[in-house]
Protein chains: 4
Amino acid sequence: MAEETISKVSSSRDERRDRRFQRQRSEIMDAAARKFADQGYAATTTKEIADAAYMGESTLYGYFPGKRDILEAILAHEAEEMDALLVQFGKIDDRDSFVDLLDRIMKRFFTHLSYTRTVVAEAWVSDEIMKDFVLSRAHQISSLISTFISEKVHSGVFRPIDADIATRILLGTFFGMMLPVLRGVEPPPDPARCRTLAETFVWVLLDGVAVVRKD
Amino acid sequence: MAEETISKVSSSRDERRDRRFQRQRSEIMDAAARKFADQGYAATTTKEIADAAYMGESTLYGYFPGKRDILEAILAHEAEEMDALLVQFGKIDDRDSFVDLLDRIMKRFFTHLSYTRTVVAEAWVSDEIMKDFVLSRAHQISSLISTFISEKVHSGVFRPIDADIATRILLGTFFGMMLPVLRGVEPPPDPARCRTLAETFVWVLLDGVAVVRKD
Amino acid sequence: MAEETISKVSSSRDERRDRRFQRQRSEIMDAAARKFADQGYAATTTKEIADAAYMGESTLYGYFPGKRDILEAILAHEAEEMDALLVQFGKIDDRDSFVDLLDRIMKRFFTHLSYTRTVVAEAWVSDEIMKDFVLSRAHQISSLISTFISEKVHSGVFRPIDADIATRILLGTFFGMMLPVLRGVEPPPDPARCRTLAETFVWVLLDGVAVVRKD
Amino acid sequence: MAEETISKVSSSRDERRDRRFQRQRSEIMDAAARKFADQGYAATTTKEIADAAYMGESTLYGYFPGKRDILEAILAHEAEEMDALLVQFGKIDDRDSFVDLLDRIMKRFFTHLSYTRTVVAEAWVSDEIMKDFVLSRAHQISSLISTFISEKVHSGVFRPIDADIATRILLGTFFGMMLPVLRGVEPPPDPARCRTLAETFVWVLLDGVAVVRKD
DNA sequence: AATGAATGAGTTTTCATTCAT
DNA sequence: AATGAATGAAAACTCATTCAT
């Protein structure tokens, strides 16, 4: 409402129309993401998407050329958000900044759960999506972390571990830890617990669980 | 039993028929699992399954009542195999037996990659499958591991870590580590590397990666 | 009610839509009844129904969940109409009202010939339909007529005939008399001839054909 | 068994083979007639026929060129039997011979119930069958009866009734009377009751039910 | 701009018939 | 001769997209 009051002053008819158009697009994407997350893209009908977005079926086609394009818009949107977080990885230099970034990534995933679930579901069954939306970003993250670990090993902070294997384990562990929530079998943790999880994760990663060191 | 002894030498017509029937069923399940793994159940047509199994489409229906039943046979088959491995978890008592079991589980997954991928893909989008085929087993594994860790903590071998969190991290890590292979973005490791991975995993899990202990 | 008063003048969009929906449903039921009457339910394809209703095949499914449901709608519709005529049987008290009711039943059958033929055809091969749509009504009619005859016998108007046998013969005769028209091997009689048939039937029923009485 | 003993003497291998062939054909026709009577031709699968005849599905094709031909064999068989009874109609000259023929026709119908039901079911939905197997015979019967009635009217035994209408009512009544048994909603009457029915039918037909004559 | 209705292209499934043994 | 298995043709049904209002 406040927005509208402002817009009367600052926005032309075209701008308002465009804003409305974008809002409707988002509505559709949200509804679609919820259904895709629950049933997968292929098993979701346009009727279901329309119903979930409180629209007629054919209205969708005023905002997207086809069903496939809704999926792609969702993927592209996620990609964008991820890219924004990705640049932060280059700035990790200590435990705290590491924990901090993990914390923010988790929160991002959990507040857009259905988007993330959709990406995972479709990347799992489509090589193209896996390549374009997931692998390309995973590779960047990997090399950033790998570099980070290599440096720590070189400077003697870490034991002489293979950086690539460690990276994989790190990413796998992180992703695996979030799986139950992503999948929806557990409710997303509240912000405080999110932080705890990030801390525990870094703690275990760096120190292991055993009291007696074997080396 | 007597019948079986005889059949080893001169299998009766019924036995040969039954054997052929089972072979064909497997052929179909293999073909279907390959397609389901690649495209997901919903996006795979019965025509594609039939083609992949070098059969006419209608031939499928002599072996399964419907498309859905092929999926269920695959899931049930995997469940059975997993249950067989599951009982081994209770017998873990030292590093070696732990490494050994992880090694065998990985090998099982990798030699039946498309079956495992199918289970993951469908469990991701179906609550029922998740519950019946994955969660029920995951819970068993979890409590076995949790007990194992609790004991180690109690006897002072492990640091005083929360057993449930540790279990989740362990499972998440293991599963996350295998993801790229399960997903098919990396070729399955050869047997030797499989063992190395299992060892590295246990090593990192128990000891962490940092040289300097923080506690 | 108030709503209806308004609608008579300016029917709302919803009402027009609903009216159109019902009209289309009837169109489909009519077309289907024609085909079912000619070929039987099992031998009629949904394509044929659609063609007969001047629609695309898939359009049918916007009005009925499946082929079977079209049949059931036809049967239910007939059942309703029959029930409306059925209550009249209780009011028969003399020759004229009897002739009158038979006349109206015949006319109803003949103006909805394909519906009636469909009911007969399917009741002939389905125990369930026979029971639910035919027998349940036939029993009501039977007991009404049986009571009527018993009374006439008791009051000495009829010879001492067994009421149940007489009822069966009566119904059988009436139905048998209409069979050629129902079956479509003869054109439906015009209204005047309808009345004559009803009269002749009652005449023969009550008086027989022989001049010389045998009792 | 006795037959076989005889056949060893009097029949060549070819004759025995042929006899066996005919026996199998009958087995199939019986099984098929049962299914056709219960479900209709179109709704019956060759698998069901084969099962009912305790054979493999493909065995049918050693005895009939196709499913349709089994139906036609059943119809032709019934036609033959009916034709044999038909010639008797010309010989009716008094009440007793009339009752006698009706009695025999009923018995024939009831001992081959599934054959008769099949004829009725398919004649109801196929103009060709109706014409070739039913109407052609019904017309013969009609004209025989019509002649019979005309003569009785002419000789003053019957009231001056329209012979064609009377014939139709007669046939309709008879057929209608048998319907519940033909349809299978009532068990076939035992031989004694069969005779009673035939007698009652003739009685009502000739004399009506009313005590007071209206003419 | 929004939408219910219509539909062609495609999907799952059935089944009469043929094939291989 | 008998039969289980295989299959092409066709059936019922689905759904993304277009049309008419």
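A note on names: the letters A, B, ... follow the listed sequences, proteins ahead of strands, and every chain is numbered from 1.
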Using a heavy-atom cut-off of 4.0 Å across all strands, would you classify [X] as base, sugar-phosphate, or nothing?
X       : answer
C:Thr45 : sugar-phosphate
B:Gln24 : sugar-phosphate
A:Arg20 : sugar-phosphate
B:Phe64 : nothing
B:Tyr54 : nothing

What is the distance, to the nearest angstrom, from the [atom1] atom on [X] to the [atom2] atom on [N]?
X       : N      : atom1 : atom2 : answer
B:Asp18 : F:dG4  : CG    : P     : 14 Å
D:Glu57 : F:dA1  : CD    : C1'   : 17 Å
D:Lys47 : E:dT18 : NZ    : P     : 19 Å
D:Arg23 : F:dA1  : CZ    : P     : 15 Å
D:Tyr61 : E:dA16 : OH    : P     : 6 Å
A:Leu71 : F:dA16 : CG    : C1'   : 15 Å
B:Arg25 : F:dA6  : CZ    : C1'   : 18 Å
A:Glu27 : E:dA2  : CD    : P     : 12 Å

Counting side-chain heavy atoms from CB outward, which of [options] is closest to [X]?
X       : options               : result
D:Tyr63 : F:dA2, F:dT17, E:dA2  : F:dA2
B:Lys67 : F:dT7, E:dA5, E:dT13  : E:dT13
C:Phe21 : F:dC13, F:dA16, E:dA5 : E:dA5

Hey, are [X] and [Y] close enough for a salt bridge, meaning a charged N less than 4.0 Å from a carboxylate O?
X        : Y        : value
B:Lys131 : B:Asp127 : no
A:Glu72  : A:Arg68  : yes
A:Arg34  : A:Asp30  : no

Do [X] and [Y] have side chains that get closer than 4.5 Å, going by heavy atoms?
X        : Y        : value
C:Thr59  : C:Tyr63  : yes
A:Val125 : B:Phe36  : no
A:Val119 : A:Ile129 : no

_Inter-residue atom distance B:Ile28.CD1 - B:Thr46.OG1, 0.5 Å rounding_ = 11.5 Å

*Under 3.5 Å for both distances, Watson-Crick or G-U wobble, that's the pair rule; now give the dot-bracket for DNA chain E, with | marking pairs to another strand and [ ] for crossing ones.*
.||||||||||||||||||||

*When the nearest nucleotide of DNA chain E is assigned to A:Met55 and to B:Thr59 on a heavy-atom basis, which residue is associated with the more 5' position?*
A:Met55

*asked:* Pick the closest DNA chain F nucleotide for A:Ser58 and for A:Ala43 by heavy atoms, then say which residue is nearer the 5' end.
replied: A:Ala43

*asked:* Here's a test of your reading of the structure: between B:Leu60 and C:Arg68, which maps to the more 5' nucleotide of DNA chain F?
replied: B:Leu60

_Here's one to test your reading of the geometry: is the NZ or CZ of D:Lys35 within 45 degrees of the ring axis of D:Tyr41 and under 6.0 Å from its centre?_
no

